[in-house]
Amino acid sequence: MQEFYNHQEIEQQTQHYWDEKQLYRITENLSKEKFYCLAMFPYPSGHLHVGHVRNYTLGDVIARYQHLKGKNVMQPIGWDAFGLPAENAAIKHNVPPAEWTYKNIDHMREQLKQLGFAYDWSREFTTCQPEYYRWEQWLFTRLVEKGLAYKKNAVVNWDPVDKTVLANEQVVDGRGWRSGALVERKEIPQWFIKITAYADELLDGLDTLEGWPEQVRTMQRNWIGRSEGLQITFPVADAAPLQVFTTRPDTLFGVSYLAIAPQHPLALASAQNNPALQKFIEECKNIEVSESALATLEKRGVNTGLTATHPLTNEEVPIWCANFVVMDYGTGAVMSVPAHDQRDFEFAQHYDLPLKPVLSANSAWDYTKTAYTERSPLINSAEFDGLAFDAAFEAIATALENKQLAERQINYRLRDWGVSRQRYWGAPIPIIYCDACGTVPVPAADLPVRLPEDVTLDGVNSPLKEIPEFYHTQCPTCGAAATRETDTFDTFMESSWYYARFASYDQNSSMLDDRAKYWTPVDQYIGGIEHAVMHLLYARFLHKLMRDEGLVQTDEPFINLLTQGMVLKDGTKMSKSKGNTVDPKLLIEKYGADTLRLFSIFTAPPEQSLEWSDSGVEGSYKFLKRLWAFSVKHQTQICSINAADRSYVNWKEQSSELQTYRRELYQILQQATFDIERLQLNTVVSAAMKLFNLLVELSHHQAKLPASEAPFVQQPVARLLNKMLVVLLRILYPITPHITTRLWKDLGYAGKMHDAYWPKMANDALDIDSINIIVQVNGKVRSKISVPAEASEDDIKALALADEKALKFIAQNTVRKVIYIPSKLINIVVSA
RNA sequence: GCCCGGGUGGCGAAAUUGGUAGACGCAAGGGACUUAAAAUCCCUCGGUAGUAAUACCGUGCCGGUUCGACUCCGGCCCCGGGCACCA
């Protein structure tokens with residue numbers, strides 16, 4: 001062994017050995033339990049950052065641990081290669097997006113390899129390859145045939161100067177990021193997939209996902225936003241009646257106005273002879289598309305001058321046009337009850353609209369300050385007075401239904417998934433437009449629709465619109481000249497099914513095959529919390545679509561989910577724009593992959609954000625150096641112990657010190673096993689460090705012992721020393737696989753580190769003669785007593801009550817109660 | 001604005017989920033070794049008072065439940081993630 005820890009040599013040689021033996025190539029094996037471990041695949045932005053290091057280290061630790069437990073583990077890797085940054089880079093550096101992307105992938109692949117992840121590289125794929133995206137094109141054509149994909153108009157951010165559609169990210173303070181022009185809302189035809197048809201299934205499925213963090217399930221529930229309510233009709237003179245959806249029909253008598261979206265047909269019609277309304281609608285066009293922009297907007301509106309008839313009171317209520325009403329959500333019109341809805345309240349106050357309380361609030365309720373939104377019995381509601389929420393809902397619903405002025409309805413916040421992007425660097429939407437036959441999906445035999453890769457971007461239009469060879473085609477149905485769709489798919493399409501393709505990565509005649517049925521669902525999925533809703537919801541949705549095509553057998557794609565926190569430096573997210581990034585490349589050179597892995601696991605629990613610290617990295621490095629130095633020092637001893645015959649050791653006959661060391665070893669192992677099972681990996685490292693400290697202490701202890709007559713290798717202390725080290729190596733192996741693999745070999749342990757099993761507890765390891773009990777007086781720790789392990793509750797209480805220190809605090813007081821928590825504590829409750 | 005998290009020593013954190021607050025580590029200070037430095041090893045390390053034993057205070061803030069609260073409940077403050085075309 002080299003005297004000093006030479007991480008570069010160790011890591012290169014170990015990785016070379018893994019490659020040579022192809023240790024991580026995996027195939028289906030029905031005799032073993034499978035374990036599919038997947039960390040969200042990276043976008044090839046150019047360089048690996050420490051957030052990636054954290055993400056993939058977490059995955060690798062889990063994969064290697066599951067392997068030690070004897071599972072058939074698959075851990076694949078690939079590239080989420082389509083997306084906006086490639087187009088931006090193409091414009092900036094005048095290089096085709098494909099070229100830029102492939103170059104980045106080559107660079108990042110090398111960086112990933114240096115970190116020593118147990119990937120099956122033979123399964124690697126990139127989503128911008130036609131062999132991959134042809135299958136999502138195929139699935140999409142199936143959805144069109146099934147009526148689950150359709151085309152409709154939808155709003156986009158429109159830059160009126162550059163004449164281009166902007167992503168939300170490209171809108172800064174309501175203006176285009178390049179032109180600086182005020183962004184306009186523009187309606188264009190786009191493709192949608194009916195995720196709302198699966199809303200209930202996606203919602204109910206959340207209850208089965210017990211391996212997911214509760215917060216993610218809650219976020220998805222809220223995102224789907226199922227609500228039961230009433231769609232109520234308000235007749236309008238000389239116009240189509242207004243439909244509004246409400247979950248609070250109990251407040252119907254409190255309606256003081258209706259509000260419609262600026263894009264509502266009634267608003268547009270009414271604006272013809274209403275200049276003020278016309279102007280307002282124009283102004284509302286300068287709102288960007290994002291929901292947060294809409295929600296933080298100052299609530300404004302204009303009275304249309306029209307009125308609608310209240311369906312129960314027949315009173316005329318004014319119709320306002322308001323900027324906060326969204327056309328694509330619900331019906332584009334809402335009923336407003338200022339007394340019992342906070343947003344309506346604020347709007348009514350601003351425009352001095354009437355407020356009618358119709359719920360029995362506390363008599364002291366101040367309606368000049370805030371709305372009363374609790375569910376309470378009705379007042380001022382004619383025959384419905386006194387009814388509580390459920391009864392009122394029912395009675396009002398029935399009354400309206402009898403007049404055919406309402407329907408019960410279930411509404412979702414979830415909207416259908418718009419998958420059209422007016423961009424080049426994405427998978428072409430496989431649709432052909434024919435004058436005679438209309439919209440025709442590209443037949444399976446003609447797929448893939450290949451994206452031309454040799455292009456130049458001008459930053460305005462998609463190059464696809466300027467490549468006649470691309471968009472000129474024949475109609476597959478009638479053979480006439482026809483044109484292709486030039487929009488591409490949302491990149492969430494690629495990332496919504498890649499996990500399944502890793503099982504059937506080389507299958508060229510179908511999207512998936514039986515191997516996908518073996519490997520899916522993913523047993524452990526790992527990724528950033530920022531993907532809690534959108535990516536994870538779309539992936540769940542696509543899994544169900546694939547299931548309905550018979551391609552997979554389960555209802556959900558990911559059994560267990562670990563959402564890792566962000567990597568921060570100086571309290572903010574690491575990012576290029578903030579200039580606070582740390583380059584893993586330099587760190588790997590200086591400290592090695594094992595140090596980086598150890599640091600990212602040790603410094604914070606996986607789900608919390610991780611604060612980067614240079615001295616923390618140094619500390620992790622120091623630990624590995626100490627481990628190496630210890631091993632060098634004891635190599636001869638350990639090797640001879642490993643080479644010797646093993647005789648039985650009766651631990652009960654050993655010194656109490658030795659028994660204590662042994663018990664501590666197993667206490668630490670128990671903690672490490674408990675923590676790695678619950679994925680609290682930072683404390684697994686703590687356990688490893690504790691065990692190492694114990695090992696060092698034991699070696700000092702051993703040095704002080706008188707020379708024994710028995711040969712050293714047969715001494716119990718030597719056997720225990722060896723045991724501690726072999727447990728330590730296996731606890732550390734998933735986290736720092738290079739150094740442990742090398743030490744395993746150099747210290748003469750049998751077999752290969754890779755084939756070892758996770759250490760087991762010894763049956764008698766935790767047996768003890770006495771236990772320590774905390775003695776509290778009135779909840780404050782006052783003393784600690786040691787009692788025999790078999791002592792009864794009464795004995796322990798008696799001992800505690802007789803304890804000198806406890807007596808000091810009991811003093812003149814009377815003991816009111818004594819609470820005993822088995823094996824833990826006694827609380828003596830006293831008072832004067 | 002809405003939804004979801006988080007807040008514990010100088011710092012990263014732990015507390016097996018209502019039972020010893022601060023394990024493990026970093027930084028700092030002191031010491032050993034060394035001609036010296038680095039490396040390594042040993043000791044101290046929440047605050048206040050005290051030579052000490054020890055006592056009191058202490059988990060963002062205010063209040064509550066409990067024999068007992070970092071943990072549960074109510075109300076606030078601050079920080080972060082998401083909000084449908086960033087991925």
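Fair warning: this is a prediction, and the values are worked out from it, not measured in the lab. Residue numbers start from 1 in every chain, and the chains themselves are labelled A, B, ... in the order their sequence lines are given, proteins ahead of strands.
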Inset, instruction - Classify the side chain of Arg782(A) and the base of U54(B) as holding, or not holding, a donor-acceptor pair under 3.5 Å. - result: no

Inset, instruction - Check every atom of G1(B), A87(B), A84(B) against the side chain of Leu414(A) and return the nucleotide holding the closest atom. - result: A84(B)

Inset, instruction - Return the 5'-most residue of the pair Arg415(A), Val685(A) with respect to RNA chain B, ranking by each residue's nearest nucleotide. - result: Val685(A)

Inset, instruction - Assign each of Lys780(A) and Ile819(A) to its nearest nucleotide of RNA chain B by heavy atoms, then name whichever residue's nucleotide is nearer the 5' end. - result: Lys780(A)

Legend entry - Salt-bridge present (Lys808(A), Glu804(A); N to O < 4.0 Å): no

Legend entry - Check: Asn827(A) side chain, C67(B) base, donor-acceptor under 3.5 Å: yes

Legend entry - Nucleotide opposite C76(B) in a Watson-Crick or G-U pair, distances under 3.5 Å: G60(B)

Inset, instruction - Look at the rings of Tyr43(A) and Trp100(A) and say which category their plane angle falls in: under 30° parallel, 30 to 60° tilted, over 60° perpendicular. - result: tilted

Inset, instruction - Using a 4.0 Å heavy-atom cut-off across all strands, classify Ser420(A) as base, sugar-phosphate, or nothing. - result: base

Inset, instruction - Measure from the ring center of Tyr132(A) to the ring center of Trp497(A) and say whether it is less than 6.0 Å. - result: yes

Inset, instruction - Give one of base, sugar-phosphate or nothing for Trp223(A), where a contact means two heavy atoms less than 4.0 Å apart. - result: base

Legend entry - Rounded P spacing from C41(B) to G19(B) in Å: 36 Å

Inset, instruction - Record whether the side chain of Lys824(A) comes under 3.5 Å of the base of U20(B) through a donor-acceptor pair of N or O atoms. - result: no

Legend entry - C1'-based separation of G81(B) from C73(B) [nearest Å]: 26 Å

Inset, instruction - With heavy atoms under 4.0 Å as the rule, sort Gln670(A) into base, sugar-phosphate or nothing. - result: nothing

Legend entry - Whole-Å distance separating the CZ atom of Phe809(A) from the P atom of U54(B): 10 Å

Inset, instruction - Please determine which of Tyr538(A), Phe541(A), Phe82(A) meets the ring pair (Phe, Tyr, Trp, His ring centres under 6.0 Å) test together with Phe492(A). - result: Tyr538(A)

Inset, instruction - Report yes or no: is there a donor-acceptor pair, N or O only, under 3.5 Å between the side chain of Gln422(A) and the base of C85(B)? - result: yes

Inset, instruction - Between G82(B) and A87(B), how far apart are the P atoms? Round to whole Å, please. - result: 13 Å

Inset, instruction - From the options C24(B), A13(B), A87(B), select the nucleotide whose nearest atom is closest to the side chain of Met534(A). - result: A87(B)

Legend entry - Donor-acceptor pair (no angle test) under 3.5 Å: Gln190(A) side chain, C85(B) base: yes

Inset, instruction - Mind telling me whether Trp612(A) and Phe599(A) have parallel, tilted or perpendicular rings, with 30° and 60° as the class edges? - result: perpendicular

Legend entry - Conformer about C1'-N of U35(B) - syn within 90° of 0, anti elsewhere: anti

Legend entry - Assigned glycosidic conformation for G46(B) [threshold 90° from 0]: anti

